[in-house]
Amino acid sequence: MKNLMNITDLSKEEIQELLVTAEDIIANPQKYKHACSGKLLATLFFEPSTRTRLSFEAAMLRLGGEVLGFSEAASSSTAKGESLSDTIQTVGCYADIIAMRHPKEGAPVVAARRAGVPIINAGDGGHNHPTQTLTDLLTIWKCRHTFEGLTIGLCGDLKFGRTVHSLVAAMARYSGVKFVFIAPAELKFPRYIIEDELESRGIPYEEVSTMEEAMPKLDILYMTRVQKERFFNEADYIRLKDTYILTPDKLKSAKQDLIIMHPLPRVNEISVAVDDDPRALYFDQVKNGMFVRMALIMKLLEVKV
Ligand code: CP
């Protein structure tokens, strides 16, 4: 049985297979409409979500399967004091596969020991978000048909941003990739990931404090939200939340074929005036997320069509 805890649980070849399947699903949706008939997905979300939960549920329904679950811990027996292990072992008696989001880093690893069915990490605290990365990779792949040689700027909350942690781990495996980290001092990209994923392999990166310094060299600009829910102190959140706001004016020095990405939800960090720019692909990411999750569910359930 296979789980997905981190994006590096998948080899580059397995990721490529998932992207190929996702593209085939986009081209031939009818072929997959009964692929998971008789299978049940549980979505257990102990933290809020719009895209991840609904795209997992839409993915399973479009594969002909069924879904059950909860969207907040308060509506489960967690509110009565039940442990995560017991909740997961219970749901593993009902469902064939579980997608779970939890505010505690590492919670899906604990869950995977007791589930008895495949577990997908749908975001664990400020740690990882591997299925967002599959979404991001499909979006980049559809534009560029390669991951090699790209310069990727990551901007905003790089300390707690689980989407950027997973994306860097994934992209660091492709040759010629460079990273530019754009963050305030308090929200810098974690040292342990820089050491493990970049410095140990001699992968180039730079850290800058303004978008202007980075913009002309970027092939991809990945914006992130400063996450109120990860701060202990509201004053710090208020001070930092609007550090970076992408506007049409800031894009004047950008490449014509820049890819502008954001995992969403956004708050203020991308002006709505950017939405009509053809380089803005964040709503393409939303759509791609459902297709790549369809491919992932099929892989983990070992379903062939
Ligand atoms: N990108 C993402 O994880 O969005 P949600 O929090 O809405 O699931």
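For ligands, and for the atoms within them, numbers begin at 1 and follow the listed sequence.
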Checklist entry - More than 12 non-hydrogen atoms from neighbouring residues, nucleotides or ligands closer than 6.0 Å to CZ on R53, yes or no? => result yes

Item to check | Ligand-side contact atoms (ligand 1) for residue partner Q132, heavy atom cut-off under 4.0 Å | outcome: 1 (N), 2 (C)

Checklist entry - Looking only at protein heavy atoms, which one is nearest to atom 7 (O) of ligand 1, and how far off is it? => result T50 N, 2.8 Å

Next on the checklist: Which label fits H102 and F46: parallel for a plane angle under 30°, tilted from 30 to 60°, or perpendicular past 60°?
Outcome noted: tilted

Checklist entry - Does R101 have a non-hydrogen atom less than 4.0 Å from ligand 1? => result yes

Next on the checklist: List ligand 1 atoms under 4.0 Å from T52, heavy atoms only on the residue side.
Outcome noted: 2 (C), 3 (O), 4 (O), 5 (P), 8 (O)

Checklist entry - When the ring planes of F189 and F181 are compared, do they come out parallel, tilted or perpendicular, using 30° and 60° as the limits? => result parallel

Checklist entry - Which atom names give the shortest non-hydrogen contact between D9 and L4, and what distance separates them? => result OD2-C, 3.8 Å

Checklist entry - Is there side-chain contact between D96 and V117, with at least one heavy-atom pair below 4.5 Å? => result no

Next on the checklist: Does any N or O of ligand 1 fall below 3.5 Å from an N or O anywhere on H129, backbone included?
Outcome noted: yes

Next on the checklist: Heavy atoms only, cut-off 4.0 Å: how does L264 contact ligand 1, side chain, backbone, both, or neither?
Outcome noted: backbone

